[in-house]
Colleague: 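Okay, handing you the structure first.
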Amino acid sequence: MSIAEKIIAWQKKHGRHGLPWQHNITPYRVWVSEIMLQQTQVTTVIPYYQRFMSRFPSLISLANASEDVVIEHWAGLGYYRRARYLHLCSQVVRDQHNGDFPSNADELIALPGIGKSTAHAILSISHNMPYAILDGNVKRVLARYHNISDVLTGVETMRNLWKIAQTAMSQTECRTYTQGIMDLGANICKRQPLCDLCPLQSGCKAYKYNTQGNIPNKPRKKLKRTETCYFRCYMNSNRLWMEQRPSSGIWPKLWSPPYCTTKPCEKTRHIALASFRHTFTHFHMLVHPIIIHTVDPRRNTGGAWFALDQAERMGIPAAVKKIIKSIQHETKVS
DNA sequence: AATACGGGGTC
DNA sequence: GACCCAGTATT
């Protein structure tokens, strides 16, 4: 039995089924899921995917939406550049590909936000074509299987892994294989692997030499320093208005500190209250409209991801009070 | 080849 | 608190 056959058999019996992007499979739906799932765990993505597909059920509906609305629906997922590329990509497909995703790897990779792994995922999952992916799961599974203890960032190591991935790839049940090797990585070949349950145990070199703990080998972590970043907002008696951060650097083009998305209501309320205590006497009466205006109406969470046109529709007031909030941010230093 | 980009989960 | 996660683009 080949690796592919083992993975496929395992996937059918023990893999993940019933995920939102696993039914009504289309290139559009697979693409959105793949972008959301970049560096983001499945359980985190599911509710965002549901809301996003409900609001943007087709590529054309996404392409015709404004970027601000797209960002609103991304708020809380992180890596917001993904959402901007997603939106841009939908417009490129609408304008240059007649609204249909290309079905070859090169043209997919040329699209914004789509790299080799995502392109191959779209091809193998939505078209059942034999293009191998190489995400974090696959790297871990294959590096362990072949006992590759090199740091997985080297060019030559990655070239080798891509070759291994493509060689292992099923030529027939491509969708099931791709899903299977990811599910195997996520649920069996984890950091603490469950080798007793693994269908690849008999051929796995890391299992044989008991080197699972050293693979995948990560590069030495760099020292970090913290820097202080700011966001700024203005308010008058009944409006709160946030500035947009610069398009480069930390939180590019975002309208509020990311931590507002974690416990947004509490944080936003706290900031507003603290400010008003200095400024107004009857802050209780004044806080309410502020909270209303910082609420994300879609989720009622208070996430304050303002879009510029929204702020303008609200009426940007003469700034009565300026608040500057600083946030500690860690960056790597050489 | 190294780094930025984020929020959440895990141990 | 360190580390990781269905990676990609930029420098």
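Sequence lines set the chain letters: A, B, ... in the order given, protein chains first and strands last, and positions in each chain run from 1.
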Colleague: Has Tyr48(A) got a side-chain N or O lying under 4.0 Å from the OP1 or OP2 atom of dG7(B)?
Modeller: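 No, no such contact exists.
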Colleague: Using the test salt bridge (charged side-chain N to carboxylate O under 4.0 Å, His left out), find all partners of Lys190(A) that sit at least two apart in sequence or belong to another chain.
Modeller: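 Lys190(A) satisfies salt bridge (charged side-chain N to carboxylate O under 4.0 Å, His left out) with no residue once adjacent residues are dropped.
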Colleague: Where along nucleotides 6-11 of chain C does protein come under 4.0 Å, by heavy atom, of base (B) or sugar-phosphate alone (S), with - for untouched nucleotides?
Modeller: BBBSS-
Colleague: In whole Å, what separates the P atom of dA1(B) from that of dA6(C)?
Modeller: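 One P to the other, the span is 25 Å.
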Colleague: List, one per line, each side-chain donor-acceptor pair under 3.5 Å for residues 111-123 of chain A, sequence neighbours excluded.
Modeller:
residue: Ser117(A); atom: OG; partner: Leu134(A); partner atom: N; Å: 3.1
residue: Thr118(A); atom: OG1; partner: Gln38(A); partner atom: NE2; Å: 3.1
residue: His120(A); atom: ND1; partner: Ala132(A); partner atom: O; Å: 2.7

Colleague: In whole Å, what is the span from the CG atom of Asn187(A) to the P atom of dG9(B)?
Modeller: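 In whole Å, dG9(B) P lies 17 Å from Asn187(A) CG.
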Colleague: Work out how far the P atom of dT11(C) is from that of dG6(B), and round it to whole angstrom.
Modeller: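 To the nearest whole Å, 15 Å.
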Colleague: Taking only distance into account, with no hydrogens and no angle test, what donor-acceptor pairs under 3.5 Å do side-chain atoms of residues 197-210 of chain A form with protein atoms, sequence neighbours excluded?
Modeller:
residue: Gln201(A); atom: NE2; partner: Cys195(A); partner atom: O; Å: 2.9
residue: Ser202(A); atom: OG; partner: Lys6(A); partner atom: NZ; Å: 3.4

Colleague: Check salt bridge (charged side-chain N to carboxylate O under 4.0 Å, His left out) between Arg16(A) and all other residues, then give those that pass, not counting sequence neighbours.
Modeller: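 Arg16(A) satisfies salt bridge (charged side-chain N to carboxylate O under 4.0 Å, His left out) with Asp183(A) only.
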Colleague: Where along residues 142-150 of chain A does a heavy atom fall under 4.0 Å from DNA chain C?
Modeller: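 By residue number: none to list.
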Colleague: For a quick test of your reading: what N or O donor-acceptor pairs under 3.5 Å do the side chains of residues 147-158 of chain A make, sequence neighbours left out?
Modeller:
residue: Asn147(A); atom: OD1; partner: Thr211(A); partner atom: OG1; Å: 2.7
residue: Glu156(A); atom: OE1; partner: Arg159(A); partner atom: NE; Å: 3.4
residue: Glu156(A); atom: OE1; partner: Arg159(A); partner atom: NH2; Å: 3.3

Colleague: Between dG7(B) and dT10(C), how far apart are the C1' atoms? Round to whole Å, please.
Modeller: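 Comparing C1' positions in dT10(C) and dG7(B) gives a spacing of 22 Å.
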Colleague: Looking at Glu5(A) and Ser2(A), would you say the former's side chain and the latter's main chain have a donor-acceptor pair under 3.5 Å?
Modeller: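 At least one qualifying donor-acceptor pair exists.
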Colleague: Suppose we screen for side chain to side chain donor-acceptor pair (under 3.5 Å). Which residues come up paired with Thr178(A), at least two apart in sequence or across chains?
Modeller: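 Listed in chain order: Ser124(A).
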Colleague: Quick check on DNA chain B: between Thr44(A) and Gln192(A), whose nearest nucleotide comes earlier from the 5' end?
Modeller: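 Looking at DNA chain B, the more 5' nearest nucleotide goes with Thr44(A).
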Colleague: Of Lys190(A) and Leu77(A), whose nearest nucleotide on DNA chain B comes first from the 5' end?
Modeller: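 It is Leu77(A) whose nearest nucleotide is closer to the 5' end.
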Colleague: Who are the salt bridge (charged side-chain N to carboxylate O under 4.0 Å, His left out) partners of Glu107(A), not counting sequence neighbours?
Modeller: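 Salt bridge (charged side-chain N to carboxylate O under 4.0 Å, His left out) check on Glu107(A) returns nothing, list empty.
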